[in-house]
Amino acid sequence: MRKFILITAMAVLAFLPLRQAESVDSTQYWMKISAADKFQRSLVADTGVAIEAIADDYVTAVGNLEELKHLRERGLKVDVSFPLTAKMNFPPQDQEFHDYGELTAELRSLESRYPNLVKVFSIGKTVENRDIWAMRISGDLAHADQLPGIIFMAGHHAREHLSVETPLRIWMNLLERYANGDERVRRLIDGRDIHFIPAVNPDGLEYDIEGGRYHMWRKNRRLNADGTYGIDLNRNYGYKWGTGGASASPGSETFRGPTPFSEPETQAVKNHIEAHQNITVLLSFHTFSKLILYPWGWSYDGVENARDKAVHETMAKKMAEWNGYTPQQSSELYVSSGDTNDWSYGEYKMISFTFELDPASMWNGGFYPGAGVIPEVVNKNTEPVLYLLEYADNPYRVLEADPVF
Ligand code: 0X9
Ligand code: ZN
């Protein structure tokens with residue numbers, strides 16, 4: 001059945017007159033675009049489509065008809081394309097994912113179960129006036145600012161529900177391990193100031209599941225001047241903002257917004273991080289592709305400071321031993337500007353990572369792999385989280401333990 005829809009969609013699209021591509025049509029399409037290396041992928045990203053998965057000689061991406069036209073104008077071959085109009089119901093097993101209300105309740109419950117370890121508070125309001133929750137975890141909450149700090153974030157992109165679920169459950173488990181007397185977990189939580197923003201884009205997350213079906217939504221829910229919705233929050237951070245791979249068109253999946261930090265969601269993250277200068281390490285969870293990414297994303301060059309480069313590479317490689325993901329510089333994927341890591345490293349010199357969690361590809365479920373994958377993904381990403389906690393006091397220590405130059 002799926003094959004039939006695909007073939008029909010391919011046929012429909014193949015005969016779409018270009019004229020139609022010029023009209024304002026906000027429908028998004030899955031596209032399979034020939035692109036053999038990071039340079040061709042950057043050319044693709046620069047049209048404004050959101051690249052979602054990469055294979056040897058092509059990428060799969062989501063974009064609109066205008067972007068399809070630009071791709072073709074640049075001589076890029078778009079092999080397959082079909083509209084994202086499929087109406088999927090939540091598969092029953094997906095009920096296990098936390099929606100915003102359940103997430104809020106879960107955080108409150110953790111706070112009341114572990115009052116000496118957990119504090120939950122809002123770091124600001126979204127476009128639709130939802131609270132953006134932060135959970136702070138430490139064995140010494142009163143003096144946490146004086147401890148080495150680390151921040152975990154998730155849910156920048158609406159449809160990446162597994163990115164919210166995974167760190168949330170990792171923290172639920174680690175708090176339980178603390179309560180059960182796990183020595184290592186106790187030492188790490190006692191000695192660190194841990195920040196966790198589980199849903200940077202709750203408006204998007206809620207919209208994506210509105211009406212009991214998935215909407216394949218990525219951005220926030222800002223109503224743009226031209227009537228389209230959404231800014232890509234992972235193109236809205238203020239370091240090298242707007243320099244490439246981030247669209248200036250409001251209807252695009254990767255619309256960077258009118259100005260850096262134009263969005264209350266990225267502004268809230270900025271304010272929070274500015275207020276906590278003890279934070280040395282940042283990890284932002286996304287899905288999917290099984291990757292560990294580090295800066296730069298805006299440039300093909302690696303970070304200029306050799307030690308910082310070595311720390312990122314060493315830590316990424318080590319974490320890959322546990323989760324089996326591929327460690328690489330972000331721009332190896334494609335160049336794009338305004339992402340979280342470029343800003344957190346560029347502005348604050350935090351050691352910064354993005355995990356693109358499971359699955360490996362859209363053929364394995366893409367953004368909607370089903371709740372069945374949660375336990376495995378939580379399991380294999382727990383050790384990387386503990387490792388980052390371990391070295392948050394001085395990430396450069398990894399160079400002593402495992403020298404690379
Ligand atoms: O494009 C993104 O924002 C991230 N991938 S996702 O599929 N979750 O949307 C990757 C960001 C990597 N950063 C750069 N390439 N700059
Ligand atoms: Zn993402």
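Order of appearance sets the numbers: ligands from 1, and atoms from 1 within every ligand. Predicted, not measured: the structure shown is a model, and the values here were computed from it.
- Centroid-to-centroid, the aromatic rings of His157 and Phe367 stay 6.0 Å apart or farther.
- Among residue pairs with one or both ends in residues 199-211, those qualifying as salt bridge (Lys or Arg N to Asp or Glu O under 4.0 Å) are Arg130-Asp203; sequence neighbours excluded.
- Pocket lining of ligand 1, defined as residues with a non-hydrogen atom under 4.0 Å away: Ile51, Glu52, His157, Glu160, Arg218, Asn234, Arg235, His286, Thr287, Leu293, Gly297, Ser330, Tyr334, Ser336, Asp339, Glu356.
- At a threshold of 4.0 Å, the pair Glu253-Arg159 counts as salt-bridged, since one of the basic side-chain nitrogens sits closer than that to a carboxylate oxygen.
- Of all protein N/O/S atoms, those under 2.8 Å from the Zn ion (ligand 2) are His157 ND1, Glu160 OE1, Glu160 OE2, His286 ND1, and waters are not counted.
- With ring centers used as reference points, His312 lies under 6.0 Å from Phe353.
- When the side-chain hydrogen bond (donor to acceptor under 3.5 Å, both in side chains) test is applied to Asp37, no partner is found at least two apart in sequence or on another chain.
- Using a 4.0 Å cut-off between a side-chain N of Lys or Arg and a carboxylate O of Asp or Glu, Glu111 and Arg108 qualify as a salt bridge.
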Open item on the list: For Trp343 and Phe261: C-alpha separation, side-chain torsions, deciding distance, then whether ring pair (Phe, Tyr, Trp, His ring centres under 6.0 Å) applies.
Closed with: CA-CA 11 Å; Trp343 170 75; Phe261 292 113; 5.6 Å; yes
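- Between Arg397 and Glu400, no side-chain nitrogen of the basic residue sits less than 4.0 Å from a carboxylate oxygen of the acidic one, so the salt-bridge criterion is not met.
- For the side chain to side chain donor-acceptor pair (under 3.5 Å) test with Asn234, the passing option among Asp342, Thr340, Asp339, Thr354 is Thr340; the others fail.
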